[in-house]
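Before any comments, here is the structure.
So you know, we letter chains A, B, ... as the sequences are listed, proteins then strands, and number each from 1. Treat the numbers as computed from the prediction; the structure is a model and nothing was measured.
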Amino acid sequence: MSEQPATASAPSHPASTPDEFDLPPAYDALATEQRLYEQWVESGSFRADPNPDREPYCIVLPPPNVTGALHIGHAFQQLLQDIVIRRARMQGLEALWLPGTDHAGIATQVVVERELAKEGIDRREIGREAFVEKVWEWKAQYGGRIVEQMQAMGNSCDWSRLRFTMDDGLAHAVRVAFVRLYEGGLIYRGERLVNWCPRDTTSLSDSEVNHWDVDGELVTFTYPFSDDPSHGVDVATTRVETMLGDTGIAVHPTDERYTGVIGKTVHHPFTGQDLPIAADDAVDPTFGTGAVKVTPAHDPTDFEIGQRHGWPLMNILTAQARIADTAPERFRGLDRYEARAAVLEALQELGLVKNVERPYAHPVGHCYRCDTEVEPWLAGLQWFVRVDPLKGPAKQAALDGKIRFWPERWTHAYTQWLDVLRDWNISRQLWWGHRIPVWYCPDGHMTCVVEDPSACAECGSEQLRQDPDVLDTWFSSQLWPFSTLGWPEQTTDLSYFYPTTTLITGYEILYLWVARMIMSGLYLTGDVPFHNVVIHGLVRDPHGRKMSKSVGNTIDPMDVVERAGADPLRFGLAWQATEAQNIPFGEEHVDAGRRFANKIWNASRLVLRARDGRTGPPALPDRAAMTLPERWLLSRHEAMVEEVDQALTEFHFAEAAQAIHRFFWSEFCDWSIEAEKERLYGGSPAERETAGELLAWVLERTLRVLHPMMPFVTEEIWQRFGAGESIVTAPWPEQRPELTDAEAEARFGTAQELVTAIRRFRKAHGLRDGLSLSATLAPRESDSKEIESVRPEIERLANLSSLEFGESASEVTGAARLSADGFDVFVRLEGVLDLDVERERLRARLAQVEAEAGRHRSKLANDAFVSKAPEAVVAKERVRLSSLDEEAEGLRSQLASLG
RNA sequence: GGGCGCUUAGCUCAGGGGUAGAGCGCCGCCCUUACAAGGCGGAGGUCGGUGGUUCGAAACCACCAGCGCCCACCA
């Protein structure tokens, strides 16, 4: 119970109100959330353990980078996971949400390097060991922050299972995985061009390179023939500096322009070497001049062409992308962009440049961590994963439905990506990460083993040196769903929770991470790592722009939690969680969430008070004791529960959030509670009890349906029902189809229309809401007795002093006539009305009705429609038309009587 | 160069063969005993364009345009 004192402005309630229900009139999220979270953790509500009596439901958290703070995108992704896991828990499943963090190789190393640089420290000076030590210190300092943030948002992780990708157990899993893949022939070492980031001085996998268009230049220049310098072959390039490493010229074999020159050589103006001209299919004769300069050491296509023709690799760049000593002296030491200009100038001096097209937009690869232009580079021997044997099963798992993507369209993106996937470079020339478990002896033998070896496996030499490289971060991440559960050991956790049930993540790491988990999972564990993959969009600012610090449109989830609370943030996010690629999010959504939490709080105050001190699970009253509006409420409630249940099963979070919001605000609060006040405040004791218990029953179940999205406010209120210890482990509401009541929905629907018509009339005439009117109701087609059962509610909601039932319009004179849903309502004028206003109202309505009737009339005049449309549709049109015609007639006579 | 997504109210987006929806914003009136973080009422869309299928299209199909994303070794 909150100790909060009532605010001074709060109205005090009658003395009969029991103290425990005298809740403050505003919900205070900040005073509530932390206390409840501590309760949950203390009671072990989020713990999960293998339990043969229950089915498991397991989600592993996509581990955030250990040294980064969580942003709104994390909050969003984690919310979706929390909604799923909380619902599963309520459904009685053994629900495990396993949290953890990632060491994030490059990202973390770069951050720590930058921090050390501020202190004037270069990692190369302090050495590998000391540097890694520093990174661990960093991890210790900032790693805990993620946990705090996640807890503040209410995430129901099993914190006893927190993992880190460099934990001992996970490090062991990485080694076992490497060794098994190596022994299976799926990991090999080779020298080939790799993506190289000259800034981070490491290689990158293809997935870690982002391509975008750069304004560059296209230089066309001439290589003179060796035997006839007055003629030559023109070639085009966007990177003219690479000509320093050219070792050949290629043309297409069928290109008639060049058939005569194949086999000849051209003269390199700076190296003085003769470069052969050869025919190769890789050349596109329609591009540029149709002749290509071939730089095998600096271009992947050229590398292959060079291989085919036995041309040498001439590496002219250093690791920092400066011109190396292999190049002519005059260019050495220049960085690649300086060299580009210098080479162009030198060529121009020789009169060899034919054309410079500038700007010339062309795609260039960039490092996904630092945006530096990536260089195709020979980085020595590198380790690769052979993907061909892994692709097939990984693709099949998706096609078979063993793994389902939500939304389904991602299945195609996934399989298409697999189709063109090439071998995965897993070596990184970094210090922070899992060392490659391979050792070399002086004779060059390789020893690849799980435990550090003391001697070479081949020759027994004890002079072993471990491979200096570390593994791609994603190599350890790909093991996450099973390494966190104890793999490679066959633990009870692993056999119980694996394969995990659902993975929820963003599309930006579908290939980087998701696809690789599937490939490695199938190979190493023999099973899929998860059955469902939910791919969500990226959180953007309210106008769809990417959130970035420089634009200043970022939202820090912690700021929101500290200011408004976690529930408002959660609901605001859930409301937007559609299948769209972008999720626009701004303060207004938090506000909406805050207002909703407050609305729930206040409606609950009323309902708890209406229970009049009764506690325990609310009892559903006998159907016989219920009024028609009460049956309507149950029917609408049931529809909402079914809709939410279905939506969440299909991971349609926004739909679920909106269904609850609509039901709660409009149907429960605006209609039902307002209608029930009639019985609550004016009924007999039995009526009061029925009404109170009914509202409580509906509210209590609604809280349970809402709990996964707004855990705090629902718990805070739910505990006051005395229906159990905690809503966290309360059962998910079962469906009760017998509560569906078409008749009640139809009748109360009519009542709603009547009420709205009367309210509208009142507003149109500028009458005060507080002014009671008296009215007579006359049916046009229906039997008025059917609606008579809703009379008290209509009177209350429309503020009528009396509502009489008349047989026909002719009985009523001197009254304004309103029409709604087959009824006419005659509101007594009693001289208070402005006749001009009334005439205006009638004319406007008449025009509307006639226009609408006209549409229906022409539709019914269409023989094709009448004969081909389903009968029910035609009948509906007829009913609608006759009703409109009657209303129009009534309006006309009304106008006539007013003059 | 392939593939995918989007285009509906002022803004951000749901929906989906048979009377156009929500939140926010806007305009009125109302501090009515759960809530002014509220209530009641209202204004505001030829559902991107063109053709087609159909009795009927905003929805299904084709093409087009604009925007966005992913994949891709055309120098």
Side-chain angles (χ1 to χ4, degrees), chain A residues 11 13-14 23 25-27 193 206 211 218 235-239 242 250 282-284 286-289 291-295 299-304 362-363 365 376 407 409-410 412-413 416-417 419-420 422 507-508 510-511 537-538 540 542-544 568 572 575-576 578-586 588-589 591-592 594-610 652 654-655 658 661-662 666 669-670 673-674 677 681 756 759-764 766-770 797 799 852 855-856 859 862-870 872-874 876-877 880:
Chain A
H13 295 296
L23 309 177
Y27 174 59
L193 280 187
D206 294 339
H211 293 267
L218 183 68
V235 293
T237 178
T238 54
R239 296 194 301 156
T242 62
V283 178
D284 176 359
T286 65
F287 184 87
T289 62
V292 180
K293 60 185 271 307
V294 179
T295 324
D299 183 278
T301 309
D302 293 8
F303 180 86
E304 285 167 20
H362 63 114
R409 60 184 142 94
W410 290 106
H412 306 114
Q416 281 181 356
W417 180 81
D419 284 342
V420 299
R422 292 179 299 165
Y507 61 81
E508 75 279 7
L510 177 59
Y511 309 127
L538 253 35
R540 304 266 176 154
H543 302 286
W575 181 270
Q576 288 297 103
T578 65
E579 292 189 346
Q581 193 166 270
N582 293 322
I583 310 291
F585 186 76
E588 79 257 29
H589 294 104
D591 284 343
R594 208 175 79 246
R595 286 200 294 271
F596 189 40
N598 194 55
K599 188 75 175 174
I600 294 161
W601 178 257
N602 276 293
S604 301
R605 288 172 67 210
L606 179 142
V607 172
L608 285 167
R609 203 177 300 150
H652 293 162
E655 194 183 328
Q658 291 176 22
H661 186 269
R662 171 191 46 73
S666 169
C669 291
D670 291 345
I673 286 184
E674 293 307 322
K677 281 177 179 172
Y681 299 149
T756 303
R759 285 171 174 172
R760 194 181 296 136
F761 173 81
R762 192 194 311 270
K763 301 285 183 186
L767 303 177
R768 289 182 298 108
D769 291 347
L797 295 170
N799 190 17
E852 206 181 319
R855 281 201 299 279
H856 292 281
K859 211 168 179 181
N862 182 349
D863 287 343
F865 170 72
V866 177
S867 60
K868 293 193 180 176
V873 173
V874 178
K876 220 168 127 188
E877 286 292 318
R880 184 82 187 128

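Here, B:rU46 and B:rG41 have their P atoms 25 Å apart, quoted to the whole Å. A gap of 27 Å separates the P atoms of B:rA43 and B:rA36, to the nearest Å. For the C1' atoms, the distance from B:rC69 to B:rA62 is 24 Å, rounded to whole Å. Using atom C1' as the reference point in both B:rU32 and B:rC26, the two lie 25 Å apart (nearest Å). With both ends at atom C1', the span from B:rC6 to B:rG25 equals 24 Å, rounded to whole Å. Only the C1' atoms considered, B:rC63 is 36 Å distant from B:rG23, to the nearest whole Å. Rounded to the nearest Å, the gap between the P atom of B:rG56 and that of B:rG52 is 12 Å. Taking atom P on both B:rG17 and B:rA59, the two are 11 Å apart, rounded to the nearest angstrom.
Between A:Lys876 atom NZ and B:rG18 atom C1' there is a gap of 7 Å when expressed in whole angstrom units. Rounded to a whole Å, the NZ atom of A:Lys859 is 6 Å from the P atom of B:rU19. The separation between A:Glu655 atom CD and B:rG15 atom P is 7 Å, rounded to whole Å. Distance, A:Phe761 CZ to B:rG41 C1': 14 Å, rounded to whole Å. Put simply, CG on A:Asn799 is 19 Å from P on B:rC29, counting in whole angstrom units. In this structure, CD of A:Gln581 is placed 17 Å from P of B:rG3, rounded to the nearest angstrom.
With distances taken from any side-chain atom of A:Asn582 to the nucleotides B:rA75, B:rG68, B:rA34, the minimum falls on B:rG68. Side-chain atoms of A:Phe865 lie closest to B:rC55 of the nucleotides B:rC4, B:rC73, B:rC55. Residue A:Ala864 has its side chain nearest to B:rC55 when only B:rC55, B:rG41, B:rA34 are considered. With B:rC4, B:rC74, B:rU12 as the choices, the nucleotide that has an atom nearest any side-chain atom of A:Asp284 turns out to be B:rC74. Closest to the side chain of A:Arg760, out of B:rC24, B:rG41, B:rA72, is B:rG41. Ranking B:rC55, B:rA34, B:rC73 by closeness to the A:Pro300 side chain, first place goes to B:rC73. Residue A:Asn598 places its side chain closer to B:rC35 than to any other of B:rA75, B:rU19, B:rC35. Proximity note for A:Cys669 (side chain, C-beta onward) versus B:rA34, B:rC55, B:rG68: the nearest is B:rA34. Taking only side-chain atoms of A:Trp575, from C-beta outward, the nucleotide of B:rU12, B:rA22, B:rA37 with the closest atom is B:rA22. Closest to the side chain of A:Arg409, from the set B:rC24, B:rC4, B:rG3, is B:rC4.
Within the 4.0 angstrom heavy-atom criterion, no nucleotide atom of any strand lies near A:Lys293. Within the 4.0 angstrom heavy-atom criterion, no nucleotide atom of any strand lies near A:Phe585. No contact: A:Pro376 has no heavy atom under 4.0 Å from any strand. Residue contacts for A:Arg422: at a heavy-atom cut-off of 4.0 Å it reaches a base atom on one of the strands shown. In this structure, A:Ala291 reaches neither bases nor backbone, as no heavy-atom distance under 4.0 Å exists between it and the strands shown. Contact annotation for A:Arg594: base contact, defined as any heavy-atom pair under 4.0 Å involving a base atom. The residue A:Tyr511 sits close only to the backbone: its heavy atoms come under 4.0 Å of sugar-phosphate atoms, none of a base. At the heavy-atom level, A:Glu508 lies nowhere under 4.0 Å from the strands shown. Residue contacts shown for A:Asp670 are limited to sugar-phosphate atoms, with no base heavy atom under 4.0 Å away. Among the heavy atoms of the strands, none lies under 4.0 Å from A:Asp299. Nucleic acid contact for A:Arg880: base, since at least one base atom lies under 4.0 Å from a heavy atom of the residue. If you check every strand for non-hydrogen atoms under 4.0 Å, A:Glu674 touches a base. Heavy atoms of A:Ala869 sit under 4.0 angstrom from at least one base atom.
Judged by distance alone, with hydrogens and angles left aside, A:Gln576 brings no side-chain donor or acceptor close enough to the base of B:rA14 to form a pair under 3.5 Å.
Side chain of A:Gln581 to main chain of A:Leu538: no donor-acceptor pair is present (N/O by atom type, distance under 3.5 Å, no hydrogens or angles). Using modelled atom types, no side-chain atom of A:Asn582 and backbone atom of A:Gly537 make a donor-acceptor pair closer than 3.5 Å.
Using a 4.0 Å cut-off, no side-chain N or O of A:Lys677 falls inside it from OP1 or OP2 of B:rU32. For B:rG41, neither phosphate oxygen OP1 nor OP2 lies less than 4.0 angstrom from any side-chain nitrogen or oxygen of A:Lys763. Contact annotation: A:Tyr681 does not reach the phosphate of B:rU32 (side-chain N/O to OP1 or OP2, under 4.0 Å). Look at A:Arg855 and you won't find any side-chain N or O under 4.0 angstrom from OP1 or OP2 of B:rU19. For B:rA75, neither phosphate oxygen OP1 nor OP2 lies less than 4.0 angstrom from any side-chain nitrogen or oxygen of A:Thr301. The shortest distance between the side-chain N/O atoms of A:Arg595 and the OP1/OP2 oxygens of B:rC35 is not below 4.0 Å. Contact between the side-chain N/O atoms of A:Lys599 and the OP1/OP2 oxygens of B:rG39 is found at a separation under 4.0 Å. A:Arg759 has a side-chain polar atom (N or O) that falls below the 4.0 Å cut-off from OP1 or OP2 of B:rG41.
Aromatic ring pairs are classed by plane angle as parallel below 30°, tilted from 30° to 60° and perpendicular above 60°; the pair A:Tyr27 and A:Trp601 is tilted. The aromatic rings of A:His661 and A:Phe596 lie tilted to each other, with the angle between the two planes from 30° to 60°.
Residue whose closest nucleotide on RNA chain B sits further toward the 5' end, between A:Ala603 and A:Leu218: A:Ala603. Checking A:His856 against A:Ile673, the closest nucleotide of RNA chain B that is more toward the 5' end is the one next to A:His856.
In this structure, CD on A:Gln576 lies 8.0 Å from CZ on A:Phe585, to the nearest 0.5 angstrom. We find the CG-NE2 distance between A:Asp206 and A:His211 to be 7.5 Å, quoted to the nearest 0.5 Å.
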Handout entry: Dot-bracket pairing map - RNA chain B, Watson-Crick plus G-U, both contacts under 3.5 Å, | cross-strand
Key = (((((((..((((....[..)))).(((((.......))))).....(((((..]....))))))))))))....

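Contact of the A:His652 side chain with the A:Glu579 side chain is registered, since non-hydrogen atoms from C-beta on lie closer than 4.5 Å. In this structure the side chain of A:Pro376 reaches within 4.5 angstrom of the side chain of A:Leu193, judged on heavy atoms. Side-chain contact between A:Leu606 and A:Ile673 is present, with heavy atoms from C-beta onward closer than 4.5 Å.
Using a 4.0 Å cut-off between charged nitrogen and carboxylate oxygen, A:Asp769 and A:Lys763 count as a salt-bridge pair. Here A:Glu674 pairs with A:Lys677 in a salt bridge; the nearest charged N to carboxylate O distance falls below 4.0 Å.
Counted by atom type alone, A:Arg595 and A:Asn598 present zero donor-acceptor pairs between their side chains at under 3.5 Å.
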